[in-house]
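Structure first, commentary second.
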Amino acid sequence: MRFRLSDFGLRQWLELAGIVITLAVLAIYVFRPENELQQIKSRGYLTVVTRNSPTTYYLGPDGPAGFEYDLVRAFADHLGVKLRIVVPDSFADILPMVESGRADIAAAGITVTPERAKHVRFGPSYQNITQQVVYRVGAGRKAPKDVKDLIGKSIEVVAGSSHAARLRELKKKYPKLAWKSVDDVDSSELMYRVWQSLIDYTIADSNDVILTRRFLPALQVAFDLTKPQKLAWAFQLKSDDTSLYDAAKAFFQQLQDDGTLTQITERYYGHADNLDFVGTRVYLRHVAERLPEFENLFKQTAKKVGMDWRLLAAISYQESHWRPSAISPTGVRGLMMLTQTTAGQLGIDNRLDPRQSVMGGAEYFMHIKARIPDDIPEPDRTWMALAAYNVGLGHLEDARKITEARGGDPDKWIDVMKNLPLLASRKWYRKTRYGYARGWEPVQYVQNIRSYYDILVWYEERNKNPTNPNIEAIYNTIPPGI
C-alpha cells in the first residue's frame, strides 16, 4: 500500500511538523558543544598554572600551601572538581599557557597591565601591591633614592615579569638604565642574591618583600617604583565563552561577602610584619647561639607527642627565649615557663630541668589543642590552642562568644583575635563567665609564635641545601647596631 502526501490531513501535518521541530530542538541540545565551565566539570579537574614562591604556591610542612593555592583550592572545591597544579620552568611561560588553552587559569600573583590584557582576560582583583626597589643595608652601602641611582648598578629581575616591563618604560626616560632579565628564578630568589651581595638591586612586589624580609632582615626597601597595582587571575580571552570567568567572578564575590578572602589574607600576611628589625635580629642571634643546645630535645619531644618540633621550639622561645633557668615575677619558670599548678598536674618535679619542662609544655599544649572544638579547621585550630595555652581555655571561650555576639565567626582566628582584647573592657568582661583578662596578650603571643615558626621553617628548608649558608652565617652578616 502506497501513501501519498495528499492522504495527510491538516491534523496529521501539524503532528508531523511538531515531531520534526522536537527532533530538531533535541538534536541542537544533544550535539551542542559544551562551554568551558561545562568541559571542566565533565573532565573532573581544573588546570591552574602558577609559580613556586612564598606568596603563591609551595610545599609546606603539611602539604601544598600558599596564598594563591588556597584560593584556587577553594575555587576547585566550589566547582566540585579536582585541582591540577602546573608549575612551568619560567615565569614567562605562565600567561602563554592560558592564552593557548593549555591551562584554564593562571593564579600566580599576576599584575594587571594594559599590555597583558590584550592577551588574557583578568578576573576580579583580590590584592594590591607596589613594585619596590630592594637593596641590602650595611658595609657602607647607601640606599638608592631614585631611578638615577640605579644606573650603572647590577640589577636582576624575573624574565617576563611586570618588573621588567616597568624598567623598559623607565628606560625611555633614562637611556643608560640597564638590567638583566633572568629565567628559572622568582623574586624571593633574586632578593636572596641581593642579600648575598651577588647583585646590587632587584625589583619585587611589596607582598613578596614583606614575607622575605622576615628571613633576611638586612634587606630593605629603597623606594617604590610604581603606584599600587592590582593582582588578579588570568583567563583565556574568549569573546563568545565567559562561563569560567563568570563563575570565578561570582566566587570572588562570595569570598568577599563571607569573609573567606580576608581570612586567607590574614593567614599568610597577618603576622608577617609582627617582628621589627631589632626583634628579628635578636631572634636570629638566639637561633644561632641557643637553639643548637635544645634542638634535638625539641625534635625528640615533638615526635613523642605528635606535633611539629618547630612549633614547639617557637612556643618555647616566646616563653623563655630558650633560657632553661628563666623565672618570671609571677613564678612561672623553665624553658616552657610552666606554673607550679600545671607542673604538678603533669607530674613535673623540677621545672628548671629542660627535658621535664619541654615534655610538660608539649603535653600541656596537645591537651589544650584536643579540647578545641573539632569543627575548627587548621590552621585556626592551632592558633586558638596557642591563645588558650597563654590565656586559658575559659577566656578563649569567652572571646569566642563575644565574637559571635558581634557578628563574627567564632571558629576563625582572624575574628576571635579582634575580640580577645575586649576581655579587658568592663563593658564586655562583666558579661562573660570567666571575667577579666589581658586579652591583647594572647593576640601578641600567637602572632609572635607564628613569626618564629615561619622563620624556623624557612631556615630549615634553606639548610637542607649544603650550598646555602647556615643560620649563624646569616646572622653574622646583619650589620651590628641596626
Partners passing side-chain contact (heavy atoms from CB on, under 4.5 Å) against [X] (at least two apart in sequence or in another chain):
X      : answer
Ala222 : Val133, Tyr135, Pro144
Glu295 : Leu291, Lys299, Trp309
Thr341 : Thr339, Gln345
Asn419 : Ile402, Thr403, Arg406, Leu422

Over 60° means perpendicular and under 30° means parallel, so classify the ring planes of [Y] and [X], tilted if in between.
X      : Y      : result
Phe235 : Tyr245 : perpendicular
Phe251 : Trp233 : parallel
Tyr268 : Tyr58  : perpendicular

Locate the shortest heavy-atom distance separating [X] from [Y]; write the atom from each residue and the value.
X      : Y      : result
Ala76  : Leu83  : CB-CB, 4.0 Å
Val158 : Asp186 : CG2-C, 3.8 Å
Tyr57  : Pro64  : CE1-CB, 4.0 Å
Leu338 : Ser357 : CD1-O, 3.9 Å
Gln131 : Ile203 : OE1-CG2, 3.9 Å
Leu335 : Pro354 : CD1-CB, 3.7 Å

Hey, does [Y] have a side-chain heavy atom less than 4.5 Å from the side chain of [X]?
X      : Y      : result
Phe365 : Leu311 : yes
Tyr126 : Glu68  : yes
Tyr434 : Leu423 : no
Leu312 : Val358 : yes
Leu255 : Leu71  : yes
Pro421 : Val443 : yes
Val185 : Tyr192 : no
Ile105 : Val98  : no

Indicate yes or no for a side-chain donor-acceptor contact from [X] to the backbone of [Y] under 3.5 Å, with no hydrogens or angles considered.
X      : Y      : result
Ser125 : Ala232 : no
Trp322 : Val287 : no
Ser320 : Met336 : no
Asp258 : Thr260 : yes
Asp415 : Asp409 : yes
Asp149 : Lys145 : yes
Arg51  : Thr56  : no
Thr47  : Arg84  : no
Arg166 : Leu225 : yes
Asp200 : Val194 : no

- Item | Criterion side chain to side chain contact (heavy atoms under 4.5 Å, CB included) on Asp380 and Asp411, from CA distance to verdict | CA-CA 7 Å; Asp380 299 74; Asp411 292 345; over 6 Å; no
- Query: Take atom CZ in Arg355; do more than 12 heavy atoms of anything else shown fall under 6.0 Å from it?
  - Reply: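 Incorrect, the count does not exceed 12.
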- Task: Flag yes if more than 12 heavy atoms outside Glu441 fall under 6.0 Å of its CD atom; otherwise flag no.
- Result: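 Enclosed: over 12 neighbouring heavy atoms sit under 6.0 Å from CD of Glu441.
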List the residues meeting side chain to side chain donor-acceptor pair (under 3.5 Å) with [X], not counting sequence neighbours, and say none if there are none.
X      : answer
Tyr429 : none
Arg381 : none
Ser197 : Arg141
Thr212 : none

- Indicate whether the side chain of Asn448 and that of Gln444 have a donor and an acceptor atom separated by less than 3.5 Å.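 Yes, a side-chain donor-acceptor pair sits under 3.5 Å.
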- Task: Dump the intermediate steps for side chain to side chain contact (heavy atoms under 4.5 Å, CB included) on Phe298 and Met307, then the final yes or no.
- Result: CA-CA 10 Å; Phe298 289 133; Met307 66 182 295; over 6 Å; no
- Message: List the residues meeting salt bridge (charged side-chain N to carboxylate O under 4.0 Å, His left out) with Asp77, not counting sequence neighbours, and say none if there are none.
- Response: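 Partners of Asp77 by the salt bridge (charged side-chain N to carboxylate O under 4.0 Å, His left out) criterion, ordered by chain and then number, come out as Arg73.
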- Item | Stepwise side chain to side chain contact (heavy atoms under 4.5 Å, CB included) test for Tyr445 and Ile315 | CA-CA 9 Å; Tyr445 181 89; Ile315 296 172; 3.7 Å; yes
- May I have the step-by-step check of side chain to side chain donor-acceptor pair (under 3.5 Å) for Gln196 and Arg193, ending in yes or no? CA-CA 5 Å; Gln196 291 176 304; Arg193 293 184 187 182; over 6 Å; no
- Task: Check ring pair (Phe, Tyr, Trp, His ring centres under 6.0 Å) between Phe91 and all other residues, then give those that pass, not counting sequence neighbours.
- Result: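 Phe91 satisfies ring pair (Phe, Tyr, Trp, His ring centres under 6.0 Å) with no other residue.
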- Task: Could you give me the CA-CA distance, side-chain angles and deciding distance for Ser53 and Thr55, then say whether side chain to side chain donor-acceptor pair (under 3.5 Å) is met?
- Result: CA-CA 5 Å; Ser53 83; Thr55 60; 3.1 Å; yes
- Task: Tell me, with the steps shown, if Phe67 and Asn207 meet side chain to side chain contact (heavy atoms under 4.5 Å, CB included).
- Result: CA-CA 11 Å; Phe67 181 76; Asn207 58 341; over 6 Å; no
- Hey, which of Thr202, Thr226, Asp205 is the one that makes side chain to side chain donor-acceptor pair (under 3.5 Å) with His163?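 Only one option passes, and that is Asp205.
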I'd like a table of donor-acceptor pairs (distance under 3.5 Å, sequence neighbours excluded) in which one partner is a side-chain atom from residues 384-397, with atom names and distances.
from	atom 1	to	atom 2	distance (Å)
Glu397	OE1	Arg400	NH1	3.0

- Task: Can you tell me which residue pairs pass the side chain to side chain donor-acceptor pair (under 3.5 Å) test with a partner in residues 358-373, sequence neighbours excluded?
- Result: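 Found Lys369-Glu378, Lys369-Thr382.
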